[in-house]
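Heads up, the thing below is written out as structure tokens.
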Amino acid sequence: MRRNLVIPFLCAAALLVAGCDTKPLSIPDPGAPDVPADVPGEVAPDVPVVDDALHDAVVPVAYIPAASFRFVSAGRDGEAFVIDVVARDFKATFGMALRVEWDPAALALVSARPAAIFGDEAAGEAVYRAAEIRPGSLALGLTHLYYLAATALPGDVVVATLKVKSLNGTPADLRFFAPRCLLMDGDRAPIDATYLTATLNP
């Protein structure tokens, strides 16, 4: 019984530390991944050029592979932009830590809420945490507590919902800081993922 409790808490701690390390980041953002050359009709995942028709929207990259994370517009809440963090096509997952970043001169965080994708926290099935490490840097942690538990994430699955407010009315990039992101499968092995950027056009 002790093993059933100790192992998940250790794994949960590892995930939360990966997402919530408060040391200054010294590794540059690796940027968006390359697009496979054999995908016809797709464009490289650079931040798109904004025109008037795309204002008040979150513009993602054009190519969205499996085993990836991206940002999707979910509307407005007053002055705040509602943005879903979406996972696509992951195998059985024990937990994840994600670091989301943006320019703090352009955007301010209003709220962040992880989705209950691994079970009920009140029932002791999972742990969900969100913490703004500093302006422009948000840590998200979601994990099972039972050490044998794992959940597949087929298709598009919302793992968190953010609300942000534009500070200067200019386009702002949303990105993941990959060195602070971690996913584990049911055997506590890392799961490879692609982290995609987007642009919020207020």
Side-chain angles (χ1 to χ4, degrees), residues 5-30 58 68-74 76-87 90 93-147 149 151 153 157-167 172-185 188 190-191 193-198 200:
L5 294 175
V6 172
I7 291 178
F9 276 109
L10 290 176
C11 291
L15 286 167
L16 294 176
V17 166
C20 299
D21 182 11
T22 58
K23 296 178 182 177
L25 301 177
S26 59
I27 305 171
D29 189 339
V58 174
S68 66
F69 287 94
R70 72 187 192 277
F71 302 99
V72 175
S73 177
R76 294 283 295 269
D77 182 3
E79 294 185 352
F81 293 85
V82 183
I83 301 166
D84 286 336
V85 180
V86 178
F90 282 94
T93 303
F94 173 75
M96 66 181 71
L98 301 173
R99 180 70 67 88
V100 177
E101 298 197 328
W102 58 86
D103 180 359
L107 298 175
L109 181 68
V110 175
S111 67
R113 179 177 52 83
I117 59 174
F118 295 139
D120 186 357
E121 184 170 21
E125 298 171 344
V127 172
Y128 305 102
R129 296 290 182 268
E132 187 173 27
I133 304 305
R134 59 182 176 279
S137 186
L138 172 70
L140 298 168
L142 306 84
T143 183
H144 284 282
L145 278 180
Y146 180 54
Y147 79 104
T151 300
L153 305 175
V157 178
V158 175
V159 300
T161 298
L162 317 179
K163 293 182 182 179
V164 297
K165 183 178 178 180
S166 176
L167 298 178
D173 292 346
L174 296 165
R175 58 191 177 275
F176 297 93
F177 188 71
R180 288 282 182 254
C181 294
L182 173 67
L183 281 80
M184 290 183 179
D185 65 17
R188 310 309 172 266
I191 300 173
T194 300
Y195 301 98
L196 304 174
T197 61
L200 171 61

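Just so you know, these numbers come straight off a predicted model, no measurement behind them.
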- Query: Could you give the distance from OH (Tyr128) to CG (Leu140), rounded to the nearest 0.5 Å?
  - Reply: 13.0 Å
- Message: Which residues pass the side-chain hydrogen bond (donor to acceptor under 3.5 Å, both in side chains) test with Glu121, not counting sequence neighbours?
- Response: Arg129
- Shortest non-hydrogen separation from Leu98 to Met96 and the atoms involved: CD1-SD, 4.1 Å
- Heavy atoms of Ala130 and Pro114 approach each other most closely as CB-CD, 4.0 Å
- Item | Ile191 CD1 to Thr93 OG1 distance, which is reported to the nearest 0.5 Å | 4.0 Å
- Of all the heavy-atom pairs spanning Leu142 and Phe118, show the shortest one and how long it is. O-CE1, 3.5 Å
- Message: Thr161: which residues meet the side-chain hydrogen bond (donor to acceptor under 3.5 Å, both in side chains) condition with it, sequence neighbours left out?
- Response: Asp84
- Taking every non-hydrogen atom, the tightest pair across Leu138 and Ala112: CD2-CB, 3.8 Å
- When rounded to the nearest 0.5 angstrom, what is the spacing between CG in Leu174 and CG in Leu196? 12.0 Å
- Note on the structure: When rounded to the nearest 0.5 Å, the distance separating OG of Ser111 from CD of Glu132 is 11.0 Å
- Considering residues at least two apart in sequence or located in another chain, which fulfil the side-chain hydrogen bond (donor to acceptor under 3.5 Å, both in side chains) criterion with Thr151? His144
- Task: Taking all non-hydrogen atoms of both residues into account, name the closest pair between Leu167 and Ala105 and its distance.
- Result: CB-O, 3.7 Å
- Reported OG1-to-CZ distance for the pair Thr197 and Phe69, which is rounded to 0.5 angstrom: 15.0 Å
- Is it true that the NZ or CZ of Arg76 lies under 6.0 Å from the centre of Phe81's six-membered ring and within 45 degrees of the ring axis? yes
- Heavy-atom closest pair, residues Gly119 and Ala126: O-CB, 4.0 Å
- Query: Is the distance between the ring centroids of Phe177 and Tyr195 less than 6.0 Å?
  - Reply: no
- Item | Any side-chain heavy-atom pair of Phe71 and Val100 under 4.5 Å | yes
- Looking at CD of Glu101 and OG of Ser137, how far apart are the two atoms once the value is rounded to the nearest 0.5 Å? 4.0 Å
- Item | Passing candidate, side-chain contact (heavy atoms from CB on, under 4.5 Å) with Val85, options Val72, Leu162, Val157, Val158 | Leu162
